[in-house]
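Have a look at the structure that comes next, please.
Computed from heavy atoms alone, side chains included, the values below leave out hydrogens, waters and symmetry copies. Keep in mind that this is a model prediction, so the values were computed, not measured. First the proteins, then the strands, lettered A, B, ... as listed; each starts at 1.
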2 protein chains.
Amino acid sequence: MKKRITIKDIAKVLNVHHSTVSRALRNDPRVNAKTRDTVLAYAREHEYQTNMNAVQLRGTSNNAIALIVPNINHSFFADIISQLTNLAYNKGYVISVFQSNEKYQQEKEIVNTIIQHNFAGVIVSIAKDTINSDHFALLKKFGIPLVFFDRVCEDIFTPKVKVNNYEITANATEYLIKKGYSNIAHFTGTTSINVFRERQNGYVDILQKYGMEYVQPIVIEEDFSVEIGKIIFSRLWNFSVKPDAIISSSVHVSTGILLEARKYGIKIPEDLGLITFGSLLSSEIIEPQITYIEQPELEIAAIAFDLLEKMIKKEIQIGELIERQVQAEIIFKKSC
Amino acid sequence: MKKRITIKDIAKVLNVHHSTVSRALRNDPRVNAKTRDTVLAYAREHEYQTNMNAVQLRGTSNNAIALIVPNINHSFFADIISQLTNLAYNKGYVISVFQSNEKYQQEKEIVNTIIQHNFAGVIVSIAKDTINSDHFALLKKFGIPLVFFDRVCEDIFTPKVKVNNYEITANATEYLIKKGYSNIAHFTGTTSINVFRERQNGYVDILQKYGMEYVQPIVIEEDFSVEIGKIIFSRLWNFSVKPDAIISSSVHVSTGILLEARKYGIKIPEDLGLITFGSLLSSEIIEPQITYIEQPELEIAAIAFDLLEKMIKKEIQIGELIERQVQAEIIFKKSC
DNA sequence: TTGAAAAATACAAACGTGTGCAAAGATAAT
DNA sequence: ATTATCTTTGCACACGTTTGTATTTTTCAA
């Protein structure tokens, strides 16, 4: 293990000043072509690697973008991460992914790390736990570009990419009503998050519009999982009035519902209709195929990245409130 | 947007030298308790954030760990990322995740970025594309701790966490034989990767041991996907001799196989047996439930992290070859 | 009250890079 | 040959921290 070579080392060997080496490496026109080539050749041969800490300390460029998501092993986020990574790569940026684990405390610490390491920008979908947005305000205060997607902080002025959750859930609910279902339940997440609040509002508003009495917003405060889906469904099913349809905010929970429903011998779509947000890799194989709501992950990623890049390039001011909405879509199958 | 505060700023205001501030912030016993408290209070109030670039340039600590995976949106890797992130968080480290996209070129650039930013250590599962290991050798040369998991570089001496691919595939093949299947095909990835090569060897060796004639290692060079699964299966099915069982290295490919099989009216397990590596979130719902090989993601993550941490703490030397093997397990269901 | 020891603080240098400015060297025009 | 212009290189400082050493201040004992 040898000590890493620096521009000063190169300068010493080639008998030039290190500033010349610096310029040569960065293709500054102010350096002679011949010396530039000599420097580049030497640098390549000795595997010179820029020390980005020095560069960033100096206050020059930085191409590192941070991405904070609640869960990496959730296909919605995994798809967005994957797409963002590709977009960034093509534009010369590098994405570092951080997982908040749905925890406010972890999210806060991640934000601190991001500030301390001087990232060029941040793309965030907040944790369920996040009740306070001071850490994001801090990010703004330090002049770090910030873009929210999907789960956003309402009280922070910055670009945001949102899904038409209210509308799509209203549409899904109305679809179920028109199919003849009358006891429609809604399984969703904590209403402190815009996503789940909007879905719930869309659901409730339609039921009220149709004068339906059976309104069951089931708020799952725990992390979405197959297990919790089983438990919650089982609990609901033992009520006096059972639902005849469910809209579920999570594929994990929906899977739990399906398994539990099978245990009880409940037939889908006859005894129970089901619409779920997000699709399963194997959704086509399941009988009956489940009607689901597809969110445009690729589009979300593309817009979020575009907005962030514009902020980094100062084409969008920090603190500017821009809201972009993308359209989710109901993919009609056989579960209702 | 205000300029960020530094220790020198604090020092100036409190009429002390900045070195005193530095020590106060780090709880150095050499600073008076009263001044320490004053400094800490002022720092907290004015939201002081350490500039890690300066710290790292100075050559002091660094708690950033890099993780390179081929694909984030693949449940095997997503689970490992998720787990590693938690382990790291509990030990005071921060994980940055990078996606190589199965591309050698991207992987190389990621490694350069890691070197340039002075990460404390790297955990890697290599891209299918990776034929050359020079970039990892470079990492070692720069003294950066490196641990491989699952897909490893055979010619780099460093800690590695591997799965018993040979053995488990041999077992799966033998199981199929004993179940009465005689034309067993094997769908796997490029054999330049240890994982797929070992699986193939396990498969071939058992068939030869039993003197089976029908040996069909189908090497999929493309990225695993439902679509490619359909195509490859369809192609194979139109051969004169059809397989009566398949071992598949990817759930995505298996899904394609199942869909295509259904299209042809093939019955599982009667007409076709199937064992797949990795499980689907919804695997319990599918009829028939698919027998699959479960890999201990949590254990892999735990061992990899432990090894890396020991390297960072110099308890393990850089360049030391340590191979840990974890056991995959066949989860018997109804598909064969 | 003095001196020595201990505690607290200040000083200075270093990490590797980038950049404005000055200086030197080369080229061209008169 | 002399001056003006352009090209190329060198110099020095700055970015924010940490740390060994020197210096000042405080404490305490004789």
Side-chain angles (χ1 to χ4, degrees), chain A residues 2-40 42-43 46-64 112-113 115-120 142-143, chain B residues 2-40 42-43 46-64 112-113 115-120 142-143:
Chain A
K2 58 175 184 189
K3 194 175 158 302
R4 69 191 287 166
I5 190 177
T6 72
I7 56 172
K8 286 192 179 176
D9 296 331
I10 299 179
K12 205 174 293 174
V13 175
L14 301 184
N15 270 317
V16 290
H17 197 261
H18 73 266
S19 60
T20 303
V21 176
S22 170
R23 286 191 250 264
L25 289 170
R26 305 179 62 247
N27 285 318
D28 190 309
R30 281 173 50 188
V31 61
N32 185 306
K34 211 177 73 193
T35 55
R36 169 166 48 74
D37 292 347
T38 317
V39 169
L40 288 179
Y42 189 91
H46 291 77
E47 290 161 333
Y48 167 77
Q49 293 275 1
T50 311
N51 185 331
M52 289 305 282
N53 289 314
V55 176
Q56 290 181 31
L57 177 58
R58 185 86 204 342
T60 330
S61 75
N62 183 350
N63 66 336
N112 278 340
T113 303
I115 294 173
Q116 290 169 1
H117 284 82
N118 292 96
F119 276 81
F142 282 139
Chain B
K2 58 173 186 191
K3 193 176 158 299
R4 69 190 286 167
I5 190 178
T6 71
I7 54 172
K8 286 192 180 177
D9 297 331
I10 299 179
K12 207 174 292 172
V13 175
L14 301 185
N15 271 316
V16 290
H17 198 261
H18 70 269
S19 59
T20 303
V21 175
S22 171
R23 286 191 245 265
L25 289 169
R26 306 177 63 245
N27 285 317
D28 189 308
R30 280 174 50 187
V31 60
N32 185 307
K34 211 178 72 189
T35 56
R36 169 167 46 75
D37 292 347
T38 318
V39 168
L40 288 178
Y42 189 92
H46 291 77
E47 289 160 335
Y48 167 77
Q49 293 276 0
T50 312
N51 186 330
M52 289 306 283
N53 289 315
V55 176
Q56 290 181 33
L57 176 58
R58 186 86 206 337
T60 329
S61 74
N62 185 349
N63 65 336
N112 278 340
T113 303
I115 294 173
Q116 290 169 3
H117 284 81
N118 292 95
F119 276 81
F142 281 138

I'd like the 5' and 3' limits of the part of DNA chain D contacted by chain A, with heavy-atom contacts below 4.0 Å.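 Boundary nucleotides touching chain A, in 5' to 3' order, are D:dT8 to D:dG16.
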Starting at CD of B:Q116 and ending at P of C:dT17, how long is that distance when rounded to a whole Å? 10 Å
For every nucleotide of nucleotides 19-25 of chain C, 5' to 3': is a protein heavy atom under 4.0 Å from its base (B), only from its sugar-phosphate (S), or from neither (-)? BBB----
Measure CD1/B:I7 against P/C:dA12 and give the value in whole Å, please.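 That distance rounds to 16 Å.
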Any side-chain donor near an acceptor of the partner, A:Q56 and A:H117, under 3.5 Å: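 No - no donor-acceptor pair under 3.5 Å links their side chains.
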Please tell me whether A:N118 and B:N53 have a donor and an acceptor in their side chains that are separated by less than 3.5 angstrom. yes
Return the set of residues passing side-chain hydrogen bond (donor to acceptor under 3.5 Å, both in side chains) with B:Q49 (not counting sequence neighbours), or none when no residue passes.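 Partners of B:Q49 by the side-chain hydrogen bond (donor to acceptor under 3.5 Å, both in side chains) criterion, ordered by chain and then number, come out as A:N112, A:Q116.
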Need to verify one output field. Residue with the more 5' nearest nucleotide on DNA chain C, B:T35 or B:A54? B:T35
Considering every strand and a 4.0 Å limit on heavy-atom distances, what is the contact class for A:N15: base, sugar-phosphate, or nothing? sugar-phosphate
To the nearest angstrom, how far is A:L25 atom CG from C:dT17 atom C1'?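 That distance rounds to 11 Å.
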For the pair made of NZ in B:K8 and P in C:dA10, what is the distance, rounded to whole Å?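 That distance rounds to 14 Å.
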Determine whether A:Y48 and A:V21 make a side-chain contact, defined as any pair of heavy atoms from C-beta on separated by less than 4.5 Å.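 Not in contact.
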Kindly write out the residues that satisfy side-chain hydrogen bond (donor to acceptor under 3.5 Å, both in side chains) with A:D28, not counting sequence neighbours, or none if the list is empty. none
Check the phosphate of C:dT17 against A:Y48, side-chain N and O only, distance under 4.0 Å to OP1 or OP2. Yes or no? yes
Rounded to 10°, the helix from C:dT1-D:dA30 to C:dT30-D:dA1 deviates from straight, judged by its five-pair end axes, by 50°
From CG of B:L57 over to P of C:dG18, roughly how many Å is that when rounded to an integer?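 Taking atom P of C:dG18 as the reference, CG of B:L57 is at 12 Å.
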Less than 3.5 Å apart, which donor and acceptor atoms pair up between the side chains of residues 7-15 of chain A and the rest of the protein, not counting sequence neighbours?
residue : atom : partner : partner atom : Å
A:D9    : OD2  : A:T6    : N            : 2.9
A:D9    : OD2  : A:T6    : OG1          : 3.3

